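On a predicted model such as this, the values are computed, not experimentally measured, just so you know. Atoms within a ligand are numbered from 1 in the order they appear, just like the ligands themselves.
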Amino acid sequence: MTAYFDNAATTKMGRAAIEAMLPYFDEVYGNASSLHSMGQRAKEALEEARATVAACLGASPAEIYFTSGGSEADNQAILSAAKIGERKGKKHIITTAFEHHAVLHTLRKLEKEGFSVTYLTVGEKGNVSAEEVAAAIREDTCLVTTMTANNEIGSVLPTAEIGAVCKARKVLFHTDAVQAVGHIPVDVEKMQADMLSLSAHKFHGPKGVGVLYARKGVALTSLIEGGAQERGRRAGTENVAGIMGLAAALKEATAHLAENMKRVTALRDKLIAGLSRIPHSVLNGDPSARLPGNVHFCFEGIEGESLLLLLDDAGIEASSGSACTSGSLDPSHVLLAIGHPHEIAHGSLRLSLSEYTTEEEVDLALEVIPQVVKRLREMSPIWREKTEGKKPFLLP
Ligand SMILES: *Cc1c(COP(=O)(O)O)cnc(C)c1O
């Protein structure tokens with residue numbers, strides 16, 4: 001038996017999404033810009049998908065732009081706001097220290113071009129308040145970009161409150177909702193978001209397709225020049241099959257949101273309760289304002305990479321938390337942002353669940369993880385020094 005606990009990295013596709021895509025590979029494969037009837041059928045399907053997505057987000061179809069995924073949507077949102085700001089002489093941006101690299105690296109690029117960026121610190125529980133955002137807004141602030149929910153430690157930010165602050169202060173507000181859409185309620189009106197990013201493969205749709213929502217009146221800059229697709233904001237022949245899969249997956253997730261949240265939260269809490277019994281460990285992230293599918297721990301005295309390999313041998317597919325950081329020796333920027341020393345940050349484990357997660361998978365994880373942590377600790381010279389009292393324990 002294998003247990004898949006890496007849904008924050010990507011999810012398996014649902015049947016509804018797969019079936020929605022199939023006709024667009026070999027039956028209605030026309031280019032949506034072609035004038036013949038097959039092209040027009042593709043175009044109609046595309047516009048239907050746009051309306052479906054808009055309805056799920058509380059937006060209007062003209063505010064939906066299809067992209068190649070969450071990263072592109074984040075890049076386009078931030079670079080567009082920077083362009084708008086620059087024209088008005090406003091070159092200050094506010095974000096948080098624990099954003100996805102698609103946001104952070106785009107901002108680093110802007111810093112090199114003379115923008116200044118405030119990185120709001122996130123507290124021990126990994127959250128920020130709307131008051132902190134309000135306090136950071138300056139005369140020259142052109143954008144606030146804060147994620148709806150964190151991909152590593154699962155904290156859910158007070159996005160509607162942050163949106164209200166931005167609206168009152170007339171600052172553009174973007175939220176990276178890639179981890180939130182399909183998992184918790186997301187509504188662009190309630191959040192007062194001017195721009196919002198989402199990605200299909202995080203909610204059982206296909207990889208390589210996403211959406212940038214941009215409120216009417218927000219002038220998007222295109223990242224890719226070429227044809228007039230997506231109303232001139234995103235050139236390139238539309239990924240019609242992928243877009244159909246995205247819309248079907250979003251519709252499915254939205255229709256079953258309440259029941260899925262309830263089921264997944266119960267499994268999450270069972271995992272958290274069980275793993276909390278491991279001594280010298282800590283649950284990261286906000287215990288209550290938390291994604292239904294996120295479990296994230298640090299275990300003192302172990303190496304996250306070794307833990308993942310042994311878990312994989314036992315059939316458990318998990319993550320240290322950051323796909324972008326694995327392979328490098330640097331600990332996760334998110335765990336450092338919530339104040340963990342390197343030693344603790346290295347011993348992290350993220351289990352991310354979905355509506356496909358079963359009770360059996362959870363039970364397997366609860367049986368295997370405590371054993372593997374124990375085994376790794378027994379092999380560690382540092383752990384021996386700690387148990388012999390030569391070095392202090394950092395976690396209770
Ligand atoms: C996965 C993810 C992204 C990137 O989305 P892609 O579609 O994989 O490019 C951006 N932000 C967050 C929070 C994510 O979890």
Side-chain angles (χ1 to χ4, degrees), residues 5-13 17 53 64-79 95-109 119 122 126-128 145-157 159 162 174-184 186 191 193 195-213 223-224 234 236 239 242-243 245-247 249-250 253 284-286 289-296 318-326 332-335 337-338 348 350-354:
F5 284 110
D6 203 11
N7 288 283
T10 198
T11 56
K12 89 167 186 180
M13 282 189 62
V53 171
I64 302 299
Y65 299 86
F66 291 112
T67 68
S68 68
S71 299
E72 185 187 328
D74 284 342
N75 275 254
Q76 189 169 14
I78 293 166
L79 295 174
T95 189
T96 76
F98 73 165
E99 295 296 310
H100 191 271
H101 284 134
V103 168
L104 290 179
H105 291 177
T106 306
L107 292 172
R108 295 256 186 275
K109 192 160 97 175
Y119 298 91
V122 296
N127 221 324
V128 294
T145 174
T146 58
M147 65 203 322
T148 314
N150 183 269
N151 48 301
E152 287 189 41
I153 58 175
S155 336
V156 175
L157 276 65
T159 301
I162 296 171
H174 165 251
T175 187
D176 173 343
V178 176
Q179 288 291 330
V181 170
H183 304 287
I184 56 173
V186 168
M191 290 175 161
M195 290 180 281
L196 177 145
S197 311
L198 64 86
S199 177
H201 76 100
K202 301 289 176 75
F203 53 83
H204 309 289
K207 293 167 183 61
V209 58
V211 163
L212 173 57
Y213 155 82
L223 305 184
I224 298 171
R234 206 284 182 180
N239 174 7
I243 290 165
L246 180 153
L250 183 56
N284 294 306
D286 200 315
R290 185 177 200 96
L291 284 172
N294 178 283
V295 175
H296 193 294
S319 161
S320 61
S322 169
C324 315
T325 317
S326 40
S332 139
H333 69 285
V334 174
L335 297 179
I338 60 173
S348 68
R350 179 185 69 189
L351 301 174
S352 45
L353 293 70
S354 85

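- Among Val334, Ile338, Asp176, Thr96, the single residue meeting the side-chain contact (heavy atoms from CB on, under 4.5 Å) criterion with Asn150 is Val334.
- Pairing each heavy atom of Glu99 with each of Leu104, the nearest pair is O-CD1, 3.4 Å.
- Checked by atom type, the side-chain pair Gln179/Thr148 shows no donor-acceptor distance below 3.5 Å.
- Looking at Arg350, its side chain does come within 3.5 Å of a backbone N or O of Asn151 through a donor-acceptor pair.
- No hydrogens or angles considered: nothing links the side chains of Asn127 and Ser155 as a donor-acceptor pair under 3.5 Å.
- The nearest pair of heavy atoms linking Thr67 to Val211 is OG1-N, 3.7 Å.
- Protein residues lining ligand 1, listed by chain and number: Gly69, Gly70, Ser71, Asp74, His100, Met147, Asn151, Asp176, Val178, Gln179, Ser199, His201, Lys202 [non-hydrogen atoms, distance under 4.0 Å].
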